[in-house]
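Because the structure is a prediction, the values reported are computed rather than measured. Because only heavy atoms are used, hydrogens play no part in the values below, and waters and symmetry mates are left out as well, while side chains stay in.
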Amino acid sequence: MHNTKYVFVTGGVTSSLGKGIIAASLAKLLQERGFSVTIQKLDPYINIDPGTLNPYEHGECYVTDDGAETDLDLGHYERFLNIPTSQANNVTTGRIYQSVIDKERRGDFLGKTVQVIPHITDEIKYRIQLLGETGEYDIVITEIGGTVGDIESLPYVESVRQMLWEKGEENAIVIHLTLVPYLAAAGELKTKPTQHSVKSLMQSGVSPDILVCRTEHEISDDIKRKLALFCNVKKEDVIQSIDAETIYDVPNLMLQEGLDDVVLKKLHLKSKKKIALKKWNEFLTKHKNPKSKVEIALVGKYIELQDSYKSITEAFIHAGSSNETKVKVRWIHSESLTPDNYEEKLKGVNGVLVAPGFGDRGIDGKIKAVQYSRENNIPFLGICLGMQMAVIEFSRNVLGLVDAFSSEMKPNCKNPVINLMESQEDVTQKGGTMRLGAWKCNLLEGSKAQKAYKADSIFERHRHRYEFNNEYKDQIELKGMKATGFNPRTGLVEIVEIPSHPWFVGVQYHPEYKSTVLKPHPLFVDFIKAALKQSKK
């Protein structure tokens, strides 16, 4: 029988310490050692999923092949491991409670009083073990969202305590990520926050097996000994995680610290092969030693929180490395672009990416960014709403349909070149009701997309309600914008291009979700190549 091992990653002292990056880095090292690994995220908020959250609240919403709207950490998992995640890789408190309440309504609990223990904790443990019980994975790493001590995280910590007890210490361990701050006034690193964090965890019945300490300065052996003594771990189980130049350095840093060795030892596992990280380090070398530089304008309306476009900026890094080029992003708030200043604000860029989004705020600025790219032969990539803005701009300024618009922004517009899908017309619920997940797209022979992908059909991930209105397709194509990608089942347009332009591509889907370190997304690679060509003019 397949015996899956479980590693739990908790966080203390403060949020945003990088549990997701540590989990992904450890998974990468274990994968390199020959183990089959997956990572899941348990989120303590009561939303069913992040799909209805404003990006300012939680950064981007990441979408999996099976259509799950998930936490952005799943993007890190995929980018590091180069394997797809699914609905099972992200669990929220909302989903846990919804499931338990549905069971209670059906009478599954046979009249019992439904309580946090055992009913909620049983549901959490069931979800944690779903991936492990498929038999596909040797190790499942589970990241617990939030910070130890938060009231929302308590049921998860209790579930971890129960699983440690049920599975035994050789089958389940806890890594606690914490902060060791440097106090400039005292001129030293302070261990007290970590001590209190571990104490809080132990009060919940969970004793960490490994401490990973985020720090700006090197942690001395004396501090490691002190942490080991007060936090009830061995000195070799105190791992330093010093601030890195890039998140892609973290697997190498964790390798130097021996995190993977400590984990395998505790799980009673022997390495299946020697770590090489060959392709990973080839990517890093190119990323850190670029031969060229391009500047791309990223035009969006959530740019105050750059995590709102996390997958896009990471896809730029992957594509940049592939082209041995540094991609500098010029962040432009679409609301700041006006008919008077858009040329000045976009002047000098080598490419323009108009980002996805919802609602009518900042729409005019996005349309102006498209116009600038089209009229000045600047490489252009429009994603989802960005593609729709490209269709609207072309319809207005080339076709002469001055009132062309999307029915999302103007329900009664005279020329809705972007319209609501028929399947969406009677939808009233917001969460999980869009066109979601991977859909097939057939590519037109000789198109920019087909040349970039080097394929005739592709599967890409979607997250939208509104589509290219096929009633306007012939008019638009007559004037020089071509539909070059189609969904074979619905006939919906997935890709538009302007063949007479050096590089002008709009896609209805989200290519950024599928870009990884080892497989940079072909559209981004081709877009950066076009920007590089433009920079040399």
Side-chain angles (χ1 to χ4, degrees), residues 1-9 18-40 76-85 89 131-132 134-143 169-175 177 209-213 218-219 221 224 233-242 244-289 314 317-318 321-322 324 515-520:
M1 187 182 161
H2 193 82
N3 182 28
T4 302
K5 310 272 187 172
Y6 293 88
V7 177
F8 298 99
V9 180
K19 290 193 299 292
I21 301 299
I22 290 294
S25 298
L26 172 61
K28 182 73 204 166
L29 296 178
L30 295 173
Q31 188 186 55
E32 285 281 315
R33 284 186 174 275
F35 295 99
S36 173
V37 190
T38 190
I39 322 175
Q40 59 186 177
H76 291 312
Y77 306 163
E78 291 202 12
R79 287 189 281 275
F80 276 55
L81 293 180
N82 205 37
I83 54 170
T85 54
N89 293 77
L131 290 163
T134 61
E136 289 178 46
Y137 304 106
D138 302 313
I139 302 164
V140 175
I141 299 174
T142 304
E143 178 193 343
E169 61 182 20
E170 73 282 0
N171 293 315
I173 61 168
V174 174
I175 296 172
L177 177 64
D209 298 279
I210 299 165
L211 278 184
V212 176
C213 303
E218 293 280 339
I219 294 176
D221 275 358
K224 284 189 177 184
V233 296
K234 291 176 182 165
K235 180 177 162 281
E236 58 265 31
D237 300 339
V238 179
I239 303 290
Q240 169 185 285
S241 175
I242 201 158
E245 189 186 332
T246 156
I247 58 169
Y248 300 111
D249 283 320
V250 180
N252 281 312
L253 292 173
M254 290 301 99
L255 179 62
Q256 287 165 23
E257 284 287 307
L259 177 60
D260 52 322
D261 282 326
V262 173
V263 167
L264 290 178
K265 191 175 168 187
K266 289 191 179 295
L267 293 174
H268 296 204
L269 291 171
K270 280 192 168 67
S271 181
K272 295 181 180 181
K273 61 181 188 181
K274 198 175 176 185
I275 284 191
L277 283 176
K278 187 170 177 283
K279 287 185 179 174
W280 186 273
N281 288 325
E282 281 171 10
F283 152 79
L284 257 181
T285 302
K286 286 182 187 174
H287 171 53
K288 290 186 174 186
N289 302 284
E314 297 307 310
I317 289 171
H318 309 152
S321 173
S322 182
E324 296 187 73
S515 187
T516 72
V517 170
L518 300 186
K519 276 192 182 170

ask   = Any side-chain heavy atom of Gln40 within less than 4.5 Å of one from Tyr77?
value = no
query = How long is the gap from CD1 on Ile275 to CD on Glu32, to the nearest 0.5 Å?
reply = 6.5 Å
remark   = Closest heavy-atom pair, Asp209 versus Lys266, reported as atoms and distance to 0.1 Å, is O-CE, 3.4 Å
key: Distance, nearest 0.5 Å, that separates NZ of Lys235 from NZ of Lys224   = 6.5 Å
key: Over 12 foreign heavy atoms within 6.0 Å of CD, Glu324   = yes
ask   = Quick one: are His318 and Val517 in side-chain contact, heavy atoms under 4.5 Å?
value = yes
ask   = Which atoms form the tightest heavy-atom contact between Val212 and Ser241, and what is the distance?
value = CG1-CB, 3.7 Å
message = Could you tell me if the side chain of Val250 sits less than 4.5 Å from the side chain of Ile22, heavy atoms only?
response = yes
ask   = Quick one: salt bridge (charged side-chain N to carboxylate O under 4.0 Å, His left out) partners of Lys272, sequence neighbours excluded?
value = Asp138
key: Asn252 and Leu284, any side-chain heavy atoms less than 4.5 Å apart   = yes
task = Taking side-chain hydrogen bond (donor to acceptor under 3.5 Å, both in side chains) as the test, write out the residues that go with Asn89, two or more places apart.
result = Thr38, Ser86
query = Which pair of non-hydrogen atoms, one from Val262 and one from Glu236, has the smallest distance, and what is that distance?
reply = CG2-O, 3.6 Å
Sole residue of Glu314, His287, Lys28 in side chain to side chain donor-acceptor pair (under 3.5 Å) with Tyr248 = Glu314
task = For the residue pair Tyr6 and Phe8, categorise the inter-ring angle as parallel (less than 30°), tilted (30 to 60°) or perpendicular (more than 60°).
result = parallel
message = How long is the straight-line distance from CE of Met254 back to CD of Gln240, given to the nearest 0.5 Å?
response = 8.0 Å
key: Glu170 (side chain) donor-acceptor with His268 (main chain) under 3.5 angstrom   = no
request  = Not counting sequence neighbours, which residues clear side-chain hydrogen bond (donor to acceptor under 3.5 Å, both in side chains) with Glu282? List them please.
outcome  = Lys278
Min side-chain heavy-atom separation Leu26-Ile175 under 4.5 Å = yes
request  = Might you point out which heavy atoms bring Ala24 and Ile39 nearest each other, and give the distance in Å?
outcome  = CA-CD1, 3.5 Å
inquiry  = Give me the atom names and distance for the closest heavy-atom approach of Asn171 to Lys5.
reply    = OD1-NZ, 3.0 Å
query = From Thr4 OG1 over to Ile139 CD1, what is the distance, rounded to the nearest 0.5 angstrom?
reply = 9.5 Å
query = Quick check: does any side chain N or O of Ser36 sit under 3.5 Å from a backbone N or O of Glu136, one acting as donor and the other as acceptor?
reply = yes
query = Roughly how far apart are Leu29 CG and Trp280 CH2, rounded to 0.5 Å?
reply = 9.0 Å
query = With no hydrogens and no angle check, is any side-chain donor or acceptor of Ser321 less than 3.5 Å from a backbone partner on Ile317?
reply = no
inquiry  = Regarding Lys288 and Asp249, does a basic nitrogen lie under 4.0 Å from an acidic carboxylate oxygen?
reply    = yes
request  = Decide yes or no for Leu255 and Asp260: does some side-chain heavy atom of the first lie under 4.5 Å from some side-chain heavy atom of the second?
outcome  = yes
ask   = Under 3.5 Å, is there a donor-acceptor pair between the side chain of Glu78 and the main chain of Thr85?
value = yes
Ile239 side, atom CD1; Ile210 side, atom CD1 - distance, nearest 0.5 Å = 6.5 Å
ask   = Do the side chains of Val37 and Ile83 get nearer than 4.5 Å, heavy atoms only?
value = no
note = For Cys213 and Val238, the nearest pair of non-hydrogen atoms, with its separation, is SG-CG1, 4.0 Å
query = Quick one: does Asn82's side chain get under 4.5 Å of Gln31's, heavy atoms only?
reply = no
